Amino acid sequence: MTATDLRQTQPPAAQSLEWQGGDMPYSVEFGDHFYCRTDGRLECGHVFLAGNRLPGRWPGCGAFTIGELGFGTGLNFCETWRQWKQSSPNGGRLHFVSFERFPMQAEEIDRALSHWQEIDAERQALVANWPHLPAGRIDVDFGEIRLTVVCGAAIDGVTAALERFDAWYLDGFAPSRNPDMWSEELMRLVFERTVPGGTFATYAAAGFVRRNLAAAGFAVERLPGFAGKREMLRGDKP
């Protein structure tokens, strides 16, 4: 494994965290939890993996690139990595690219993810390779999967991205509390950087989010949400 921390010498401002129930991080600035209080790992499977029809699209894919808005605790990355290993794409290579304005510290990631034994191996590998001062562009190569975390405002990171994405996890804080992460401009950039036939999925179902994604060009559909949530959104790029 190799890790690099490039482009920026000063770490971005940290957000204030409260810990609820021992290991549930809560953002004071955004007034929101980092994941579903019922079970964030299962929510990831329901919303982001199933919503993007994964892991069914992985066999025979060769290379596959996932984009994520909001790295947070790294839960989505770790659960995706776990399922990637289970699906064992022959010769496949996964690149997981996440855009995060307020990267957490290694000990905060470790505390938040220690709740799930199912991703214990992935958590330990992530924490061991996380930089002491997370900033700039963080690249970690785990062999079968490569992680890139671009620190800073999502609009800047996605604008500068050279990658083209097969699937997106749209996982910013709640649209009512963090509307910039769901703006029409950002959704258009997401669409432009998605390959034809690519997809997105999100737990969000707010009307303005759906309209922004549709205006960007996605064919959007509503599905039942996780743990009693009425709706979530997913979509395809024609």
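Every value quoted in this text rests on a predicted model; they were computed, and no experiment measured them.
The aromatic rings of W58 and W84 lie perpendicular to each other, with more than 60° between the two planes, well past the 30° mark. In this pair, F96 and F71 present their aromatic rings perpendicular. The plane angle is above 60°, beyond the 30 to 60° band.
Looking at V190 and F218, their side chains come closer than 4.5 Å, going by heavy atoms from C-beta outward. Counting heavy atoms from C-beta on, the side chains of L54 and T80 never come closer than 4.5 Å. Side-chain atoms of L113 and L75, non-hydrogen and from C-beta on, do get closer than 4.5 Å to each other. Counting heavy atoms from C-beta on, the side chains of L126 and D110 never come closer than 4.5 Å. Between R41 and I119, some side-chain heavy-atom pair lies under the 4.5 Å cut-off. M104 places a side-chain heavy atom less than 4.5 Å from the side chain of T73.
Surrounding CD of Q117 are at most 12 heavy atoms belonging to other residues, nucleotides or ligands under 6.0 Å away. For E185, the CD atom is loosely surrounded, since the number of other residues' heavy atoms within 6.0 Å does not exceed 12.
Judged by distance alone, with hydrogens and angles left aside, the side-chain atoms of E68 form no donor-acceptor pair with the main-chain N or O of D171 at under 3.5 Å. In terms of modelled atom types and a separation under 3.5 Å, the side chain of R193 and the main chain of T159 share a donor-acceptor contact. Proximity of a side-chain donor or acceptor of R164 to a complementary backbone N or O of T65 within less than 3.5 Å is not detected. No donor-acceptor pair under 3.5 Å is formed between the side chain of W130 and the backbone N or O of I109. Between the side chain of E108 and the backbone N or O of Q105, at least one donor-acceptor pair lies under 3.5 Å. N76 places no side-chain N or O within donor-acceptor distance of the main-chain N or O of F48, the cut-off being under 3.5 Å. Between the N52 side chain and the W168 main chain, a donor and an acceptor come within less than 3.5 Å of each other. Between the side chain of E100 and the main chain of F102, a donor-acceptor pair closer than 3.5 Å is present. When atom types are taken as modelled, the side chain of K237 and the backbone of G217 share no donor-acceptor pair closer than 3.5 angstrom. Judged purely by atom type and a 3.5 angstrom limit, R210 has no side-chain atom pairing as donor or acceptor with the backbone of A204.
Distance CD/Q124 to SG/C78: 10.5 Å, rounded to 0.5 Å. Rounding to the nearest 0.5 angstrom, the gap separating the CZ atom in R101 from the SG atom in C151 is 12.5 Å. Atoms CG and CZ, from N129 and F142 in turn, are 4.5 Å apart once rounded to the nearest 0.5 Å. We find the CG-CD1 distance between L147 and I66 to be 11.0 Å, quoted to the nearest 0.5 Å.
Taking every heavy atom of both residues into account, A216 and F191 meet most closely at O-CD2, 3.1 Å. Looking at every heavy atom in both residues, N212 comes nearest to S183 through ND2-C, 3.6 Å. Of all non-hydrogen atoms in G45 and Q83, the two that sit nearest each other are CA-NE2, 4.4 Å. Pairing each heavy atom of M187 with each of L213, the nearest pair is SD-CD2, 3.4 Å.
Side chain to side chain, R234 and T202 fail the donor-acceptor criterion of an N or O pair below 3.5 Å. Neither side chain, S98 nor Y169, offers a donor N or O lying under 3.5 Å from an acceptor on the other. W81 and E144 share a donor-acceptor pair across their side chains, judged by distance under 3.5 Å alone.
Connection of M181 to F208 is established within a shared hydrophobic cluster, with ILVMFWY side chains joined at heavy-atom distances below 4.5 Å, either directly or through further cluster members.
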CA sep, side-chain torsions, deciding dist, call: E122, K85, salt bridge (Lys or Arg N to Asp or Glu O under 4.0 Å):
CA-CA 10 Å; E122 293 78 16; K85 289 190 291 187; 2.5 Å; yes
Working for salt bridge (Lys or Arg N to Asp or Glu O under 4.0 Å), residues R57 and D166:
CA-CA 10 Å; R57 294 165 62 194; D166 299 285; 5.1 Å; no
Using the rule given for salt bridge (Lys or Arg N to Asp or Glu O under 4.0 Å), can you reason through E184 versus R188, listing the C-alpha separation, both sets of side-chain angles and the distance that settles it, and then say yes or no?
CA-CA 6 Å; E184 183 174 353; R188 288 187 184 280; 2.8 Å; yes
Show your working on salt bridge (Lys or Arg N to Asp or Glu O under 4.0 Å) between D141 and R93 and close with a plain yes or no.
CA-CA 11 Å; D141 193 337; R93 171 83 167 163; 3.1 Å; yes
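Using a 4.0 Å cut-off between charged side-chain N and carboxylate O, D236 and R53 make a salt bridge. A salt bridge is absent between E163 and R146: the closest approach of a Lys/Arg side-chain nitrogen to an acidic carboxylate oxygen does not fall below 4.0 angstrom.
A cation-pi geometry, defined here as NZ or CZ lying under 6.0 Å from the six-membered ring centre and within 45° of its normal, does not hold between K229 and Y203.
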